[in-house]
2 protein chains.
Amino acid sequence: MKTSSPAPSFAPIKTQRAFEVICEQIRGQLAAGTLKTGDKLPAERELAAEFQVSRSALREALRSLEVAGIIRNVKGVKGGAFIQSAEPDRIVQAMQDYVHLGNVSLDELTEARLATQDIIVRLACERASEADFAELEAIAERTRQENGVEARYECAADYYRVLARATKNRMFGIFVDSLSAILHEFVQGPDYETLQEALIESRFKLVRHLRARDADAAAVEMRKHLERVHRHVRKNLKAQDAPAKVGKARAKGARPD
Amino acid sequence: MKTSSPAPSFAPIKTQRAFEVICEQIRGQLAAGTLKTGDKLPAERELAAEFQVSRSALREALRSLEVAGIIRNVKGVKGGAFIQSAEPDRIVQAMQDYVHLGNVSLDELTEARLATQDIIVRLACERASEADFAELEAIAERTRQENGVEARYECAADYYRVLARATKNRMFGIFVDSLSAILHEFVQGPDYETLQEALIESRFKLVRHLRARDADAAAVEMRKHLERVHRHVRKNLKAQDAPAKVGKARAKGARPD
DNA sequence: ATATTTTTAATGGTCCTACCATTAAAGGAG
DNA sequence: CTCCTTTAATGGTAGGACCATTAAAAATAT
């Protein structure tokens, strides 16, 4: 380190806690490829000895990695910490937390969803196979037979998920899942039922456009679909006095740190 | 439990661990609004007593919430766990982990980035203020004066960040930060220097298009810019035998669970 | 021999106690 | 009033103990 640096910019002091160092080392081995999916870490007591820390500290590190979806702890003999094949759940949860802490408004979510789905529809229009189309139709049909709000919502999420998968790009699946999970919390209210048939019909129409490889028509249909849903969500939000979730971000003026 | 249940569908047994229950309760209070940014949780020893668990178990819960970016633990008297105003870092980290575990290829990242930036450019073109333009130009100018690869990369990330902010939608900022962080790992190599001037010039051009509110021209410029960068990244990736990072996803056939 | 049951040892989950380092507030010296 | 010292609260770490679970090994029955 240069001592007489004229620039008054100091690196922020960050006390490295034991568990952080451990996490870093393991993450590092992951990025380097030394550790990969399916590998098993030594037992806690053994690892603790290797890192020369107490079992408590090591456990906090493992716990962190677990909630990050990197490892999975399994009990019993032959148990231990196994490197997981990451699933997007953690990303979804992170986004959900972010929204809950009041940093994103419903309007922003809606806009992001519209934009994302527009891309997805256009890519899917190019790349989707007949199998994808069939699956989408099957889901739409299944939606018609369900009657619980929750079950119907699951169908909707599946529909979007399959559509995203048809782009053959997993990143879009992540975006969609995240937005779906967050917006799910708003899907409720009395007249959601009356919308159903229109929504289902819209999903069939979308598949028809995709089959015809008519990207513009498909995108328009998706846009109309989403706008209908979001109009409904917004109406319910206002009506129910919104149990202090999203939307009060700017009002509270949340300042970072 | 009913013994002769005809339906063979059982709910998956999920042993609720203590720390999970604690996390759920706190997350619940967050979603419900009982807890909000800036609030302080009781001290660990006190909280443990309240939940009737050991301090260890409670600490694992707090650690989980901390790595999730929900709370921040501060030492000393008057210390404790404070509800944080979440920053997107955690989402970025989650995405990074996901990629490191080999679930997304470089091609997918690239495509997602192109699509995302296209939206951002178009929205920014509508909404950016003169202040935003000035900031973008200042960053581009600053890039020219830096000479370390790392410093230049930081400038680039700032540029994209400010551009995303100009959309007035925080979700896009998250997407961009995530993609930037992940792709950052590939930005290296000898001839990155020779690209710099072209890249910087391109950033100025983009601002000019934005000022003119010419969305199509701006989008084209961004596309050309990104394609140039990604061509370079890809070339380096092949050349350096890619230290086992992204790209081997499909080859290994990572199967979830 | 084979199948079934029992025992055993490894392992994560939890609890407990103790001590350290840090920090802000209270108290004391000048 | 200012500066220094002391003090108490708090998170971080250590280390030991015990429990529940689990799969393998051993014992037993068939």
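No hydrogens, no waters, no symmetry mates; every other heavy atom, side chains included, goes into these values.
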Query - Separation of Ile26(A) CD1 from Thr34(A) OG1 (nearest 0.5 Å) - result: 12.0 Å

Query raised in the report: Looking at CG of Leu179(A) and CE of Met171(B), how far apart are the two atoms once the value is rounded to the nearest 0.5 Å?
Result: 4.5 Å

Let me know the distance between [atom1] of [X] and [atom2] of [N], rounded to the nearest Å.
X: Lys78(B); N: dT10(D); atom1: NZ; atom2: C1'; answer: 11 Å
X: Arg72(A); N: dT11(C); atom1: CZ; atom2: C1'; answer: 14 Å
X: Lys75(A); N: dT21(D); atom1: NZ; atom2: P; answer: 5 Å
X: Leu62(B); N: dT13(D); atom1: CG; atom2: P; answer: 14 Å
X: Asn73(B); N: dT23(C); atom1: CG; atom2: C1'; answer: 15 Å
X: Phe82(A); N: dT22(D); atom1: CZ; atom2: C1'; answer: 12 Å
X: Leu41(B); N: dT10(D); atom1: CG; atom2: P; answer: 13 Å
X: Leu65(B); N: dG11(D); atom1: CG; atom2: P; answer: 14 Å

Distance only, no hydrogens: is a donor on one side chain within 3.5 Å (strictly under) of an acceptor on the other, for [X] and [Y]?
X: Thr143(B); Y: Glu146(B); result: no
X: Glu150(B); Y: His184(B); result: yes
X: Asp107(A); Y: Thr110(A); result: no
X: Ser180(A); Y: Asp177(A); result: no

**Report entry** Selected nucleotide, minimal atom distance to Ala43(A) side chain, candidates dT22(C), dG12(C), dA8(D)
**Finding:** dG12(C)

Report task. At under 4.0 Å between heavy atoms, which parts of nucleotides 14-20 of chain C does protein reach? Answer with one letter per nucleotide, 5' to 3': B base, S sugar-phosphate only, - none. Result -> BBB-BB-

